[in-house]
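Here is the naming used below: chain letters follow the sequence lines, and residue numbers restart at 1 for every chain. Every value quoted in this text rests on a predicted model; they were computed, and no experiment measured them.
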2 protein chains.
Amino acid sequence: MGLQKPRTRIQRKNRETILEAALEVFSQHGFRGATLDMIAAEAGLSKPNLLYYFPSKEAMHVTLLSKLMDTWLDPLRALDGDGEPVAELLAYVRRKLQMSREFPRESRLFANEIVQGAPRMQAALATELKALVDEKAAVIRGWAEAGRIADVDPHHLIFSIWALTQHYADFDVQVRAVLGPRRDPITEAEHFLDTLFTRLLAP
Amino acid sequence: MGLQKPRTRIQRKNRETILEAALEVFSQHGFRGATLDMIAAEAGLSKPNLLYYFPSKEAMHVTLLSKLMDTWLDPLRALDGDGEPVAELLAYVRRKLQMSREFPRESRLFANEIVQGAPRMQAALATELKALVDEKAAVIRGWAEAGRIADVDPHHLIFSIWALTQHYADFDVQVRAVLGPRRDPITEAEHFLDTLFTRLLAP
DNA sequence: CGTGGCCTTGACCATCTGGTCAAAAACAAT
DNA sequence: ATTGTTTTTGACCAGATGGTCAAGGCCACG
């Protein structure tokens with residue numbers, strides 16, 4: 001029943017397996033589109049067994065989402081107010097793009113949730129996320145006022161970084177359909193975004 | 001049964017009502033998350049009545065999607081190869097942003113579909129969409145080669161416009177959560193994106 | 001070994017959901 | 001009004017789905 005924090009190693013392992021399978025399925029079909037049977041098949045466990053480790057389908061989803069939120073904000077947390085402004089921001093863009101490359105499923109899980117109005121994340125957005133963004137926006141505003149980068153709205157600058165980088169994970173099918181069997185979209189994007197933000201930010 | 005093309009005015013009206021309700025519900029919950037009961041309630045019609053006008057739930061979805069595709073590409077179609085390059089591209093950005101403002105539901109419907117791998121649109125993306133994008137990309141490449149705009153990859157330029165403008169419709173909840181009860185996000189974005197693309201494109 | 005607790009699952013259940021159908025209501029044309 | 005057609009819906013169905021449960025399997029530890 002309880003098993004708040006996984007104790008035995010078999011528990012840790014199975015919870016891990018289940019979350020991995022759930023991520024795969026949720027990110028591909030959305031919460032509603034995913035079924036316990038799909039997740040069970042993907043995890044190689046029986047359906048009642050899933051529910052031995054998680055109280056409900058929703059619990060799996062929530063667990064994924066809150067684990068994700070942390071990882072997701074890391075690149076922004078790493079933005080160093082004491083560094084060289086343009087270099088810092090370009091590095092942030094690269095880190096974010098790297099996440100789209102390495103964790104596209106996580107990105108899509110997030111996207112699915114937000115697009116549908118973030119029914120299970122409203123709170124986290126308005127507190128955790130907003131707090132961090134406001135903090136970093138203040139840093140960026142400082143740089144702008146000191147004339148070290150161009151004078152742009154810090155919040156929209158951050159939005160633009162999110163939009164541009166996550167686009168390559170979330171809209172991957174579209175990007176590939178349009179580019180055709182060309183080279184790796186994200187590698188191309190890396191160069192394009194470098195140019196874009198260099199030009200935008202130059203004081 | 002048949003009713004290929006709505007004939008009577010009552011048919012036209014009811015199909016319209018149903019599609020409007022379906023758009024509302026699909027865009028908010030995704031295809032799988034939407035139920036015929038929700039759509040029926042939203043439309044103020046009985047469930048069997050919906051199925052009198054559309055053969056299935058999927059038919060409603062497909063109808064919406066294909067109607068949408070057209071509207072969605074209009075702004076890009078309007079990009080005039082004979083116009084002044086920077087002005088044309090900035091106008092495109094503004095038209096696209098305008099669509100995010102006026103048709104956020106359509107944008108989210110689209111986003112939902114693409115994020116989940118576009119199971120019902122693959123074809124359209126690889127043909128209709130790709131064709132138009134390639135055509136306009138060629139125009140933009142021409143401008144770049146003639147030195148009339150900066151030398152950027154046309155495809156990724158178009159992606160960046162999509163990403164930045166649709167972000168304000170698709171991720172509206174997040175944008176508002178972060179900005180707090182501030183002014184209209186899209187109006188702010190209009191100015192920000194103007195600056196961004198002006199700087200990016202200057203030869 | 002034996003035994004107590006952890007882990008696993010086949011069978012089952014209630015509910016939801018897309019879709020059917022036959023009959024009633026509304027309407028149109030004579 | 002009468003009759004034939006279109007529209008509408010209450011009742012119903014089969015399959016899917018989240019979740020339960022009791023019984024059996026497995027493992028660690030004495």
Side-chain angles (χ1 to χ4, degrees), chain A residues 1-65 112-113 116 119-120, chain B residues 1-65 112-113 116 119-120:
Chain A
M1 289 72 190
L3 58 116
Q4 305 291 4
K5 293 285 161 189
R7 342 197 139 191
T8 78
R9 78 201 56 142
I10 191 168
Q11 276 186 19
R12 219 184 310 274
K13 178 179 138 282
N14 276 348
R15 275 182 68 100
E16 204 43 54
T17 305
I18 292 170
L19 287 178
E20 160 66 26
L23 172 60
E24 182 70 27
V25 177
F26 282 140
S27 68
Q28 202 169 122
H29 302 275
F31 177 74
R32 196 70 201 291
T35 75
L36 287 179
D37 285 306
M38 290 185 203
I39 300 175
E42 180 77 28
L45 297 172
S46 70
K47 184 167 66 167
N49 210 359
L50 301 191
L51 294 165
Y52 175 74
Y53 291 102
F54 290 88
S56 68
K57 179 186 174 184
E58 177 145 358
M60 298 174 205
H61 197 240
V62 170
T63 304
L64 278 175
L65 244 30
N112 257 307
E113 183 67 11
Q116 300 191 6
R120 293 160 234 276
Chain B
M1 287 78 190
L3 58 117
Q4 304 290 6
K5 294 284 162 185
R7 350 202 131 187
T8 79
R9 78 201 57 142
I10 191 169
Q11 277 185 23
R12 222 185 309 275
K13 180 179 135 278
N14 277 347
R15 275 182 68 100
E16 205 42 57
T17 305
I18 292 171
L19 286 178
E20 161 66 26
L23 172 60
E24 182 71 27
V25 176
F26 282 139
S27 69
Q28 200 168 125
H29 302 275
F31 178 74
R32 195 70 201 291
T35 74
L36 287 178
D37 285 306
M38 290 184 204
I39 299 175
E42 180 76 27
L45 296 173
S46 70
K47 184 168 64 164
N49 210 359
L50 300 192
L51 294 165
Y52 174 74
Y53 291 103
F54 290 87
S56 69
K57 178 184 173 186
E58 177 144 357
M60 298 175 204
H61 197 239
V62 170
T63 304
L64 278 174
L65 246 29
N112 257 308
E113 183 67 9
Q116 299 191 7
R120 293 160 235 276

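- Of the residues in residues 32-41 of chain A, those placing a heavy atom less than 4.0 Å from an atom of DNA chain D are A/Ala34, A/Thr35, A/Leu36, in numerical order.
- An end-to-end axis angle of 10° holds for the helix from C/dC1-D/dG30 to C/dT30-D/dA1, taken from five base pairs per end and rounded to 10°.
- Atom CD1 in B/Ile18 sits about 9 Å away from atom P in D/dT8, given to the nearest Å.
- Note: A/Ser56 OG to A/Leu36 CG = 8.5 Å, rounded to the nearest 0.5 Å.
- Between the CG atom of A/Leu64 and the CG atom of A/Leu19 there is a distance of 5.0 Å, given to the nearest 0.5 Å.
- For the pair B/Asn14 and D/dT8, the criterion of a side-chain N or O lying under 4.0 Å from OP1 or OP2 is met.
- Following rounding to the nearest Å, A/Glu58 (CD) and D/dG19 (P) show an atom-to-atom distance of 8 Å.
- With rounding to whole Å, A/Arg15 atom CZ is found 12 Å from C/dC7 atom P.
- For A/Lys47 against D/dG18, a side-chain-to-base donor-acceptor contact under 3.5 Å is present.
- The separation between A/Lys57 atom NZ and C/dT15 atom C1' is 14 Å, rounded to whole Å.
- Residue A/Tyr52 has a polar side-chain atom (N or O) positioned under 4.0 Å from OP1 or OP2 of C/dC7.
- Both B/Ile10 and B/Pro48 lie close to DNA chain C; mapped to their nearest nucleotides by heavy-atom distance, the more 5′-ward contact belongs to B/Pro48.
- The side-chain heavy atoms of A/Gln28 and A/Met38, taken from C-beta on, include no pair separated by under 4.5 Å.
- The separation between A/Gln11 atom CD and D/dA28 atom P is 14 Å, rounded to whole Å.
- By the 4.5 Å heavy-atom criterion applied to side chains, A/Met60 and A/Phe26 are counted as neighbours.
- Atom pair B/Asn49:CG and D/dG10:C1' shows a separation of 13 Å (rounding to whole Å applied).
- Rounded to a whole Å, the CZ atom of B/Phe54 is 13 Å from the P atom of D/dT8.
- Between the NZ atom of B/Lys57 and the OG1 atom of B/Thr35 there is a distance of 7.0 Å, given to the nearest 0.5 Å.
- Atoms CZ (A/Phe26) and C1' (D/dG18) sit 11 Å apart, rounded to a whole Å.
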